[in-house]
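Below is one structure, written out as structure tokens; comments come after it.
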Amino acid sequence: MRSCGVFRLQQELVQFLEDFASKKSVFKNKKVFQPSYKPATILHRNDLIEQMAKILAPVLKLEKPSNLFVYGKTGTGKTLSVKDVAEGFNKLVISKNIPLKILYINCKLKRISDTEYRLIAQLAREFGKTIPPTGLPTDEVYKLFFNAVDESERAVILVLDEVDQLTKKTGSELLYNLTRINEELSKSFVSLIGISNDLNFVDALDPRVKSSLSEEELLFPPYNAVQIQEILNERAKEGFAKNKIGQGVIEKCSAYAAREHGDARRALELLRVSGELADRSNNQKVTTEHVDEAEEKIDRDRLLDAVSTQPKQAQAALYSIISTSSGKQPIFTGTVYEFYKELCTRTDLRPLTQRRLSDIISELDMLGVITARVISKGRYGRTREIVVPKTLQAANIRRILQDALNL
DNA sequence: AGTCCACAGGAAGGGCAGGCGA
DNA sequence: TCGCCTGCCCTTCCTGTGGACT
């Protein structure tokens, strides 16, 4: 009996896969919509790319260019443009045999470059050194890196993407050390390019680092709706099959993205998910309804994903918050902690201190799951006012957390 | 003007896992 | 195996604070 059931299931699966494979997709080349995809031409960024190339040009004569700081909100083409310039230089490096090495590091990548040690170790590895993931003293790793760079006469351009994430976690010590690197080198030199989403990042820096890192600055302004539309049109031509995009779809995607500070990445994601939804519902064309649906789906998925990948303690904290919040009245740290302690005894979870829970609450706030702001209730103390946003699908999230916490 | 609440949030340090060389 | 190093998560201890109340 059982094997018969399995057989039927398998048959259905094969049928499904066959259908899927033979089904016409609205996409022609989906890769076009990946964030890492580099289009042949980068629209609306010519000036900035040119400026960047000019700033870095001395490197071709083995003169040290100024350090450069690139900033602008997410999806304004910073990384893309820097990579484009780097590619241009790399072509020359090969054809003219220039001893130039351009390193790109994303400081946000977990477990690779989110601490001082890891980042420097990663850099040293780029120069062919083997560094253990942990174990060595940090100054030892610095030494290894410096020696590796200085092995021969050469120029190095170090691109630190999302550099603001780095100082958030490790302080500005690392950046300070990097800006001083040339004092340790005799044969080579290193120029830094910092990329940041945080517009106030430089101002918050240690003045010594600030003056050094931002010898030159480039601001990437947000795209406007028309520009995003052109970018989407360009990608859609490559990514979608002919006549698969309905009236107003591109316009709607651009409008949504422009509303959120001109984020082209988000616009592209929206377009891609709209296409996927059209495929899934067997539609021949992407419609504006798919865009609306996609917008909702993206938000939902992001949040649910963030919640389900949280550590147990953070999940317990969130569960406590959702459970104590009655909807209308805001709740406070103390109330949440009481519930949380009780929850811990129910679930055999080791209760953390209120101090720690307080940090977890502010982490959840930063994640965007809840809003928590510090308020004063006068005579009744100072605390955090925690609000579960109406848009949060509290019931859904509660269910996920119940599963995760075995409730 | 002073008090006092209920925390926020900084600093220091403990304990752990993971890795190294000797 | 041992001593030493790291990052990470956490506790303990502490000082700071906005504004209602007196």
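For clarity, every value in this text was computed on a predicted model and none was experimentally measured. We name chains A, B, ... by the order of the sequence lines, and we start the count at 1 in each one.
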- Message: Counting only side-chain nitrogens and oxygens, does T333(A) get under 4.0 Å of the OP1 or OP2 atom of dA8(B)?
- Response: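 So the side chain of T333(A) is within the cut-off, an N or O lying under 4.0 Å from OP1 or OP2 of dA8(B).
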
Over how many whole Å does the gap from [X] atom [atom1] to [N] atom [atom2] extend?
| X | N | atom1 | atom2 | answer |
| --- | --- | --- | --- | --- |
| R382(A) | dC21(C) | CZ | C1' | 18 Å |
| K377(A) | dC5(B) | NZ | C1' | 9 Å |
| R373(A) | dT17(C) | CZ | C1' | 16 Å |
| E385(A) | dA8(B) | CD | P | 13 Å |
| L144(A) | dC5(C) | CG | C1' | 14 Å |
| Y380(A) | dC7(B) | OH | P | 14 Å |

- Query: Taking the nucleotide of DNA chain B with the closest heavy atom to each, which residue, R379(A) or R384(A), is nearer the 5' end?
  - Reply: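 On the 5' side of the pair lies R379(A).
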
- Note on the structure: Assert: residue with more 5' nearest nucleotide on DNA chain B, out of G381(A) and V374(A), is G381(A)

- Sorted by number, the residues of residues 335-367 of chain A with heavy-atom contact under 4.0 Å to DNA chain B: Q354(A), R355(A), S358(A)

- Pairwise distance CD1(I193(A)) to CG(L56(A)) - rounded to 0.5 angstrom: 4.5 Å

- Task: Tell me, yes or no, whether the heavy-atom count around R265(A) atom CZ, taken from other residues, nucleotides or ligands under 6.0 Å, exceeds 12.
- Result: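 Counting neighbours around CZ of R265(A), 12 or fewer heavy atoms of other residues, nucleotides or ligands fall under 6.0 Å, so no.
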
- Please indicate whether K28(A) has more than 12 foreign heavy atoms, meaning atoms of other residues, nucleotides or ligands, lying under 6.0 Å from its NZ.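 Yes.
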
- Message: What I want to check is whether the side chains of D279(A) and S25(A) have a donor and an acceptor closer together than 3.5 Å.
- Response: yes

- Query: Just by distance, with hydrogens left out, do D150(A) and S186(A) show a side-chain donor and acceptor under 3.5 Å apart?
  - Reply: yes

- Measure from NZ or CZ of R45(A) to the centre of the six-membered ring of Y223(A), then state whether that distance is under 6.0 Å and the direction lies within 45° of the axis.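 Cation-pi check for R45(A) and Y223(A): passes.
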
